Amino acid sequence: MGIVPMKLPEHIAFSFLLAQFGVQHEYGWPGTALVIAAGCLPDLDGVGIIGGWKVYRKYHRILGHGLPMILVGPLALAGLGNWLFHFPVLPIWIWSLVSLLLHLVTDVSFYNWPVQLAWPISKRGWALGLLSWNDLVPTLLFYGGAALTMILPEFGMWIAVVSILVAAIYVAWRAFRSETDNSWESWLSGGWTEHSPRFCRWLTGDFVT
């Protein structure tokens, strides 16, 4: 399943952690919701699944991951925040843009399904494929960081820093260590799914295996 992208729940948790760097404190839960929405915008092209896997595989990581969404999506969310909550447009636009761009960074870095970042100007796809599908480490870091932030909101920014930094270090480490040579590492990097109940995989956002 190496051609499947970072799962939507991971994007939600990651964007929630990003909001702890200032948005949650400055704009409360409505601001955080906008940052999370921005972090999920690219995956709107995933609605192609309604037309079946062939349509999904043809358009996902293209329509929502290209230049139109990058240019319009965060601006639209900033306008929505201004209209509904009277938030200043510029800060919300910047945070929304950062959230969306980090979604693209993780999609390119994590798995081996090329992202057409410059679509429709260019159809070149980008993918590093540094992690295997169902690698549990980023999932646990993002889920755990998000949960801990809600329990200890006064330390939210620091929890987010540690969670994201450790995830980045892990991904960089995996880039130089593509082969797993011991049982626990193999288990964490995807082996845990063997013979596991489907419900357990659903908890991580894996609805396809």
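Just so it is clear, the structure is predicted and the values come from calculations on it, not from any experiment.
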> Which is it for F16 and M150 under the side chain to side chain contact (heavy atoms under 4.5 Å, CB included) test, yes or no, and what are the steps along the way?
Replying inline: CA-CA 10 Å; F16 174 76; M150 288 187 280; 3.7 Å; yes
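- Put simply, CG on D107 and CG on L128 are 11.5 Å apart, with the number rounded to the nearest 0.5 Å.
- For the pair L104 and I70, the minimum side-chain heavy-atom distance is below 4.5 Å.
- Linking ILVMFWY residues whenever their side-chain heavy atoms come closer than 4.5 Å, directly or via other members, places L34 and W83 in the same cluster.
- Cluster annotation: I164 is connected to W173 through the hydrophobic network of ILVMFWY side chains, with a link wherever side-chain heavy atoms come within less than 4.5 Å.
- For the pair I159 and L152, the tightest heavy-atom approach, listed with the atom from each and the gap, is CD1-O, 4.0 Å.
- No continuous path of ILVMFWY side-chain contacts below 4.5 Å connects L41 to V89, so the two sit in separate hydrophobic clusters.
- Nearest heavy-atom pair, A13 versus A146, reported as atom, atom and distance to 0.1 Å: CB-CB, 4.4 Å.
- Within 6.0 Å of CZ on F85 lie more than 12 heavy atoms contributed by other residues, nucleotides or ligands.
- Here the straight-line distance linking atom CG of L17 with atom CZ of F142 works out to 7.5 Å at 0.5 Å rounding.
- Taking CG from L97 and CG from L102, the interatomic distance works out to 9.5 Å, rounded to the nearest 0.5 Å.
- Here the closest heavy-atom approach between residue V108 and residue W126 is recorded as CG2-O, 3.8 Å.
- Across all non-hydrogen atoms, the minimal contact from L131 to D135 is CD2-OD2, 3.9 Å.
- Smallest separation of non-hydrogen atoms from C40 and I12: SG-CG1, 3.5 Å.
- Linking ILVMFWY residues whenever their side-chain heavy atoms come closer than 4.5 Å, directly or via other members, places L90 and L80 in the same cluster.
- Linking ILVMFWY residues whenever their side-chain heavy atoms come closer than 4.5 Å, directly or via other members, places I94 and L100 in the same cluster.
- In terms of modelled atom types and a separation under 3.5 Å, the side chain of S99 and the main chain of V35 share a donor-acceptor contact.
- For the side-chain hydrogen bond (donor to acceptor under 3.5 Å, both in side chains) test, residues two or more places apart in sequence or in another chain that qualify with T32 are Q24.
- Counting only distance, with no hydrogens or angles, the side chain of N82 and the backbone of F87 share a donor-acceptor pair below 3.5 Å.
- Taking CG from L117 and CE from M69, the interatomic distance works out to 13.5 Å, rounded to the nearest 0.5 Å.
- Expressed to the nearest 0.5 Å, how far CZ of F21 lies from CH2 of W95 amounts to 7.0 Å.
- Below 30°, between 30° and 60°, or above 60°: for H11 and H103 the angle between ring planes is below 30°, a parallel geometry.
- Considering every non-hydrogen atom in both A175 and L130, the closest pair reads CB-CD2, 3.8 Å.
- Separation of atoms CH2 (W158) and CG (L148) is listed at 15.0 Å; rounding is to 0.5 Å.
- Under a 3.5 Å cut-off, the side chain of S96 and the backbone N or O of I92 do form a donor-acceptor pair.
- At a threshold of 4.5 Å between non-hydrogen side-chain atoms, the residues F14 and S163 do not count as touching.
- For the 3.5 Å distance criterion, the side chains of T149 and Q20 fail to qualify, holding no donor opposite an acceptor.
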